[in-house]
*Asks:* 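The structure that follows is given in the form of structure tokens.
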Amino acid sequence: MTERKIRVLVAKPGLDGHDRGAKVVARALRDAGMEVIYTGLRQTPEMIADAALQEDVDVVGLSILSGAHMALAPRILELLKNNGQTDVKVFIGGIIPDDDVPTLKKMGISGVYGPGASTEDIVKEIREIIIG
Amino acid sequence: MSIVQSILNGDRLALARILTQVENNTPEGKSALAELFPYTGKAHLIGVTGAPGTGKSSLVNKLVLHYRKNENKRVAIIAVDPSSPFTGGAVLGDRVRMKDLSGDTGAFIRSMASRGSIGGLARSTAGMVEVFDAAGYDIVIVETVGAGQSEVDIARLAHTTLVVEAPGLGDDIQAIKAGILEIADILVVNKADRPGVENTEKALRSMLELAHPTARVFKHHGAYMSVAVPVQENTAMWIPPIQRTISTDAKGIEELAGLIAKHAEHLRVSGDWVSRERARLSSEMEALLRDELMNQFRSRMPEAEFNQVMERVFTRELSPWEAVKLLVKESIK
Ligand SMILES: Nc1nc2c(ncn2[C@@H]2O[C@H](COP(=O)(O)OP(=O)(O)OP(=O)(O)O)[C@@H](O)[C@H]2O)c(=O)[nH]1
Ligand SMILES: [Mg+2]
């Protein structure tokens with residue numbers, strides 16, 4: 001049988017600028033052997049949850065630079081749950097104040113990565129959480 | 001409720017999950033395919049292929065939007081992008097161009113990595129198409145990057161194959177080199193807003209005259225007869241039309257949908273619809289049979305014995321052909 005492929009949706013919710021960071025992470029995940037579905041800029045939470053459903057992903061990675069993470073994260077988690085995708089893990093990368101991290105984790109975000117995080121760490125943690 | 005029943009009832013999560021099982025060729029996927037098979041055979045399968053960046057995803061986006069808005073058809077899309085041969089990973093980016101379809105439950109986009117084997121991609125694509133077909137999608141579109149054998153294999157799945165070209169890719173239109181023109185039922189010159197569109201179309205037209213047979217041989221009541229081409233209004237012959245489009249602007253899309261419908265009609269009238277279905281099912285059968293026989297052979301043949309025979313081939317004691325004969329004989333003892 002074929003080895004288990006980790007499928008990751010990389011999305012950029014919100015209206016802010018560029019997706020350079022998201023692309024760097026997408027490529028790093030690909031280089032780690034994962035299948036990354038890239039959806040591009042300006043995704044609404046509804047678009048992200050809909051794509052996650054259709055693609056049956058294991059992981060949703062969000063790149064949020066706008067500061068809107070405390071609104072976007074719970075909304076996306078809620079939509080995933082409503083769709084029945086309770087086992088999907090959600091990671092956030094971007095500019096997230098340290099103080100928000102515990103709250104995000106408590107609401108069900110599996111990992112939070114600031115600008116200083118290495119792609120190696122992100123890859124490693126996704127692997128650990130999905131494959132164990 | 002069984003997962004298959006859920007799919008037939010329109011449960012999108014159940015559908016998405018079974019697609020994964022089918023893609024991974026798991027026992028669960030295989031048994032779902034078996035249960036779904038009686039419900040298949042209704043969808044119109046459209047292949048969309050062409051060189052990288054010609055605008056295939058943008059075209060599919062607008063075409064599907066047309067089907068949703070004007071024809072009320074449910075459409076599924078399988079968008080295939082290559083896997084990295086080095087890491088096995090992939091970045092699948094076709095959804096970026098298909099944002100117009102977001103939020104519409106009558107459209108379903110599934111991205112897929114080409115993964116390792118040539119035969120494997122064709123098999124999993126065929127399976128996923130069957131799942132969508134059974135789930136009641138009227139049209140299933142498969143987008144592939146036109147590069148090699150696997151695209152040709154996938155095109156063979158389709159009732160109607162679109163080959164997408166665009167101006168400005170250089171004089172040598174890559175897809176033509178790959179011999180992909182021969183599989184085209186409809187040629188699309190996308191990016192018709194770009195300079196050079198006349199040249200691209202002219203090049204295509206002249207290549208088409210070469211690629212397209214000037215006469216086709218038909219078997220009629222056991223006797224062969226030759227039909228000269230072009231024969232207008234001859235239902236037995238389809239000459240691939242060329243359609244210009246601007247996918248970023250939805251220009252030429254309605255006309256393209258018209259040509260696709262005309263091709264489907266042609267297939268039905270000429271009997272080619274049935275023969276394509278049969279050809280597809282028999283090649284699927286053949287591939288599965290090959291896999292199954294290979295697995296059976298492997299399970300019966302001790303590794304050591306196989307290696308011994310292989311060794312005799314390496315030393316030129318046996319030819320590969322003799323070795324195969326010997327191995328097969330040993331395996332059915
Ligand atoms: N000017 C112009 N640009 C277009 C048109 N259609 C698509 N594009 C642009 O061409 C680029 C590639 O479009 P895609 O739809 O991603 O092309 P593709 O063939 O699916 O690409 P791959 O899947 O990577 O092979 C994008 O920047 C599109 O916006 C068109 O009709 N005119
Ligand atoms: Mg594409």
Side-chain angles (χ1 to χ4, degrees), chain A residues 1-13 19 22-61 79-88 119 122-123 126-127 130, chain B residues 6 11-30 57 76-105 107-117 120-121 123-124 128 132 295:
Chain A
M1 215 173 72
T2 42
E3 76 182 286
R4 178 150 167 16
K5 280 277 174 209
I6 299 178
R7 283 170 71 84
V8 186
L9 185 86
V10 171
K12 178 100 185 57
D19 58 352
K23 280 183 175 158
V24 168
V25 171
R27 277 195 294 267
L29 298 177
R30 174 201 58 194
D31 292 343
M34 300 182 197
E35 292 180 352
V36 181
I37 295 107
Y38 189 71
T39 56
L41 290 165
R42 288 191 246 299
Q43 300 282 297
T44 64
E46 286 74 13
M47 288 163 94
I48 292 168
D50 200 32
L53 175 93
Q54 291 171 24
E55 302 288 358
D56 188 28
V57 290
D58 307 292
V59 176
V60 173
L79 288 168
L80 288 171
K81 200 169 125 209
N82 292 349
N83 285 344
Q85 286 193 296
T86 43
D87 43 2
V88 170
T119 52
I122 301 177
V123 165
I126 288 180
R127 250 209 206 111
I130 300 302
Chain B
S6 307
D11 180 337
R12 287 158 68 82
L13 182 60
L15 173 61
R17 288 190 168 157
I18 276 303
L19 289 170
T20 306
Q21 299 300 326
V22 168
E23 183 180 10
N24 292 338
N25 202 26
T26 64
E28 196 186 344
K30 285 182 202 170
S57 301
I77 300 156
I78 302 172
V80 186
D81 275 325
S83 297
S84 155
F86 305 111
T87 66
V91 174
L92 313 172
D94 294 315
R95 287 191 88 95
V96 174
R97 309 280 168 216
M98 300 186 188
K99 283 184 185 154
D100 289 344
L101 309 175
S102 191
D104 177 358
T105 52
F108 196 111
I109 308 167
R110 181 64 176 231
S111 309
M112 188 181 172
S114 61
R115 296 192 180 171
S117 69
L121 177 62
R123 183 196 56 218
S124 43
M128 288 163 83
F132 281 125
N295 288 340

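Bear in mind that the values here come from a model prediction, so they are computed numbers and not experimental data. Here is the naming used below: chain letters follow the sequence lines, and residue numbers restart at 1 for every chain. Only heavy atoms go into these numbers, but all of them, side chains included; no hydrogens, no water, no symmetry mates.
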*Asks:* Which distance, rounded to the nearest 0.5 Å, do you find between the NZ of B:K99 and the CG of A:L41?
*Replies:*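 The CG atom of A:L41 is 6.0 Å from NZ of B:K99, to the nearest 0.5 Å.
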
*Asks:* Please answer whether the main-chain N or O of A:R30 pairs with a side-chain N or O of B:T87 as donor and acceptor at a distance below 3.5 Å.
*Replies:*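 Judged by distance alone, yes, a pair lies under 3.5 Å.
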
*Asks:* Select one option (side chain, backbone, both, neither) describing which atoms of A:M34 are under 4.5 Å from chain B's heavy atoms.
*Replies:*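 Just the backbone, heavy atoms under 4.5 Å.
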
*Asks:* Rounded to the nearest 0.5 Å, how far apart are CE of B:M112 and CD1 of A:I37?
*Replies:*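 The distance works out to 12.0 Å.
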
*Asks:* With a 4.5 angstrom heavy-atom cut-off, is it the side chain or the backbone of A:R42 that approaches chain B, or both, or neither?
*Replies:*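 It is neither, since no heavy atom gets under 4.5 Å.
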
*Asks:* Which one wins on heavy-atom pair count under 4.5 Å against chain B: A:A26, A:A32, A:A51?
*Replies:*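 Among the listed options, the one with the most contacts to chain B is A:A51.
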
*Asks:* If I measure from the heavy atoms of chain B, does A:E35 come under 4.5 Å with its side chain, its backbone, both, or neither?
*Replies:*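 Interface part for A:E35: both.
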
*Asks:* As a quick check of understanding, evaluate side-chain contact (heavy atoms from CB on, under 4.5 Å) for A:N83 and B:L13, giving each step before the final call.
*Replies:* CA-CA 7 Å; A:N83 285 344; B:L13 182 60; 5.9 Å; no

*Asks:* Looking at B:N24, is its backbone amide N or carbonyl O close enough to the side chain of A:K5 to form a donor-acceptor pair, meaning the two atoms are under 3.5 Å apart?
*Replies:*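 Side chain of A:K5 to backbone of B:N24, a donor-acceptor pair under 3.5 Å: no, none is there.
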
*Asks:* So for B:A107, is it side chain, backbone, both, or neither that comes closer than 4.5 Å to the heavy atoms of chain A?
*Replies:*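 Looking at B:A107, just its backbone touches chain A.
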
*Asks:* Looking at B:D94, B:T20, B:T105, B:D81, which one has more heavy-atom pairs under 4.5 Å with chain A than the rest?
*Replies:*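 Counting heavy-atom pairs under 4.5 Å, the top option is B:T20.
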
*Asks:* Please check: side-chain N/O of B:R110 versus main-chain N/O of A:Q54, any donor-acceptor pairing under 3.5 Å?
*Replies:*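 Yes, B:R110 side chain to A:Q54 backbone: donor-acceptor pair under 3.5 Å.
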
*Asks:* After noting the C-alpha distance and the side-chain angles of A:E55 and B:R95, does the key distance pass the side-chain contact (heavy atoms from CB on, under 4.5 Å) rule?
*Replies:* CA-CA 10 Å; A:E55 302 288 358; B:R95 287 191 88 95; 2.6 Å; yes

*Asks:* What are the two closest non-hydrogen atoms of B:V91 and A:Y38, and how far apart are they?
*Replies:*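 Taking every non-hydrogen atom into account, CG1-CB, 4.1 Å.
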
*Asks:* Once you round to the nearest 0.5 Å, how far does OG of B:S111 lie from CG of A:D56?
*Replies:*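 The distance works out to 12.0 Å.
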
